[in-house]
Amino acid sequence: AGPEEYQTMQTSGLVRIDDNPATFSEIIQWMLVAPSKDYICITTDVNRSFEILKSVCRPIEAAGGVVFNKTGKLLMIKRLGYWDLPKGKVDPGETVDFTAIREVKEECGMSNCKIIKPVGKTYHIYQQYPEKMLKTCHWFLMECEDLQDPVPQIEEHIEQAIWCDI
């Protein structure tokens, strides 16, 4: 977010970090061990900040689906106690759109889904000792012809997979 955007955002509960190129990598180290999980970085140069982030973290590509069925229900998964959308890492040689479809099929048992359009990317960092990881997830709006109940992929720690109302 830029400084002007910050003024209009709901920031209750967020830890504000002002981007400073000299200390940004140290801030990332701190973020990974600090008790808070929710941060907002205020920057005047998003590209510079992102390049610094990529220089201290190992990049990982992932893809997933914002999947609706014919009745307008959204596909959700519950993994390790948290609700999420189906997604996963891009395997070597795969395109992100192929990965998104594959992950929906694997994690939820849905085999008749198609991509409507890309809807954006999300980024998050996490520690996977000894490395810091920067995961970029490519999201796709998808439609699924199947009206069957999803089947959670237990071996991936998915506890539930459901169709839900928005």
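The structure displayed is predicted, hence computed values, not measured ones.
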Can you spot which of Lys87, Arg79, Lys78 makes a salt bridge (Lys or Arg N to Asp or Glu O under 4.0 Å) with Glu107?
Arg79
Apply side-chain contact (heavy atoms from CB on, under 4.5 Å) to residues Ile116 and Lys114 and explain how you reach the verdict.
CA-CA 6 Å; Ile116 306 300; Lys114 65 179 180 181; 4.2 Å; yes
Rounded to the nearest 0.5 Å, the CD1 atom of Ile154 sits from the CD atom of Gln160 at a distance of 9.5 Å
Check whether any side-chain N or O of Glu159 sits under 3.5 Å from a backbone N or O of Leu80 as a donor-acceptor pair, and report yes or no.
yes
Using 0.5 Å steps for rounding, measure from the NE2 atom of His157 to the CD1 atom of Ile77.
12.0 Å
Give a yes or no on whether Val96 and Val66 share a hydrophobic cluster (residues Ile, Leu, Val, Met, Phe, Trp, Tyr; joining criterion: side-chain heavy atoms under 4.5 Å apart).
no
Tell me, yes or no, whether the heavy-atom count around Lys105 atom NZ, taken from other residues, nucleotides or ligands under 6.0 Å, exceeds 12.
no
Taking every non-hydrogen atom, the tightest pair across Ile60 and Met133
CD1-CE, 3.2 Å
Do the side chains of Ile115 and Phe98 join up, straight or via other hydrophobic residues, at under 4.5 Å, putting them in one cluster?
no
State, to 0.1 Å, how close Trp139 and Thr122 come at their nearest heavy-atom pair, and which atoms those are.
NE1-OG1, 2.9 Å
Please report the closest heavy-atom contact between Glu94 and Lys89, naming both atoms and the distance.
OE1-O, 4.4 Å
N/O donor-acceptor pair under 3.5 Å between Trp163 side chain and Gly72 backbone
no
Can you measure from CG (Asn112) to CD (Gln148) and round to the nearest 0.5 angstrom?
9.0 Å
Within a strict 4.5 Å, meaning less than it, do heavy atoms of the Arg102 and Asp91 side chains meet?
yes
Between Asn69 and Leu75, is any pair of side-chain heavy atoms under 4.5 Å apart?
no
Do Val104 and Leu85 land in one hydrophobic cluster if side-chain heavy atoms of ILVMFWY residues count as linked below 4.5 Å?
no
Provide the closest heavy-atom pair for Ile166 versus Phe68 in the form atom of the first, atom of the second, distance.
CD1-CE2, 3.4 Å
Same cluster for Met142 and Val90 if Ile/Leu/Val/Met/Phe/Trp/Tyr side chains link at under 4.5 Å?
yes
Assess whether side-chain contact (heavy atoms from CB on, under 4.5 Å) is satisfied between Met110 and Val67, documenting all intermediate values.
CA-CA 10 Å; Met110 299 288 110; Val67 185; 5.9 Å; no
Test side-chain contact (heavy atoms from CB on, under 4.5 Å) on Ile125 and Lys132 and set out the steps.
CA-CA 7 Å; Ile125 61 172; Lys132 294 171 288 305; over 6 Å; no
Closest heavy-atom pair and its distance - Ala100, Ala63
N-CB, 3.8 Å
Residue from Cys108, Ser111, Cys113 passing side-chain contact (heavy atoms from CB on, under 4.5 Å) with Cys144
Cys113
Contact check, side chains of Lys73 and Asp165, non-hydrogen atoms, under 4.5 Å:
yes
Are Asp84 and Met76 close enough, and set up right, to give a side-chain contact (heavy atoms from CB on, under 4.5 Å), and what steps lead you there?
CA-CA 6 Å; Asp84 203 352; Met76 296 287 297; 5.8 Å; no
Taking the side chain as everything from C-beta on, heavy atoms only, tell me whether Arg48 gets closer than 4.5 Å to Glu51.
no
Identify the two heavy atoms, one from Val119 and one from Phe140, that lie closest to each other, and give their separation to 0.1 Å.
CG2-N, 4.0 Å
What about Val56 and Phe50, same hydrophobic cluster or not, with Ile/Leu/Val/Met/Phe/Trp/Tyr joined at side-chain heavy-atom distances under 4.5 Å?
yes
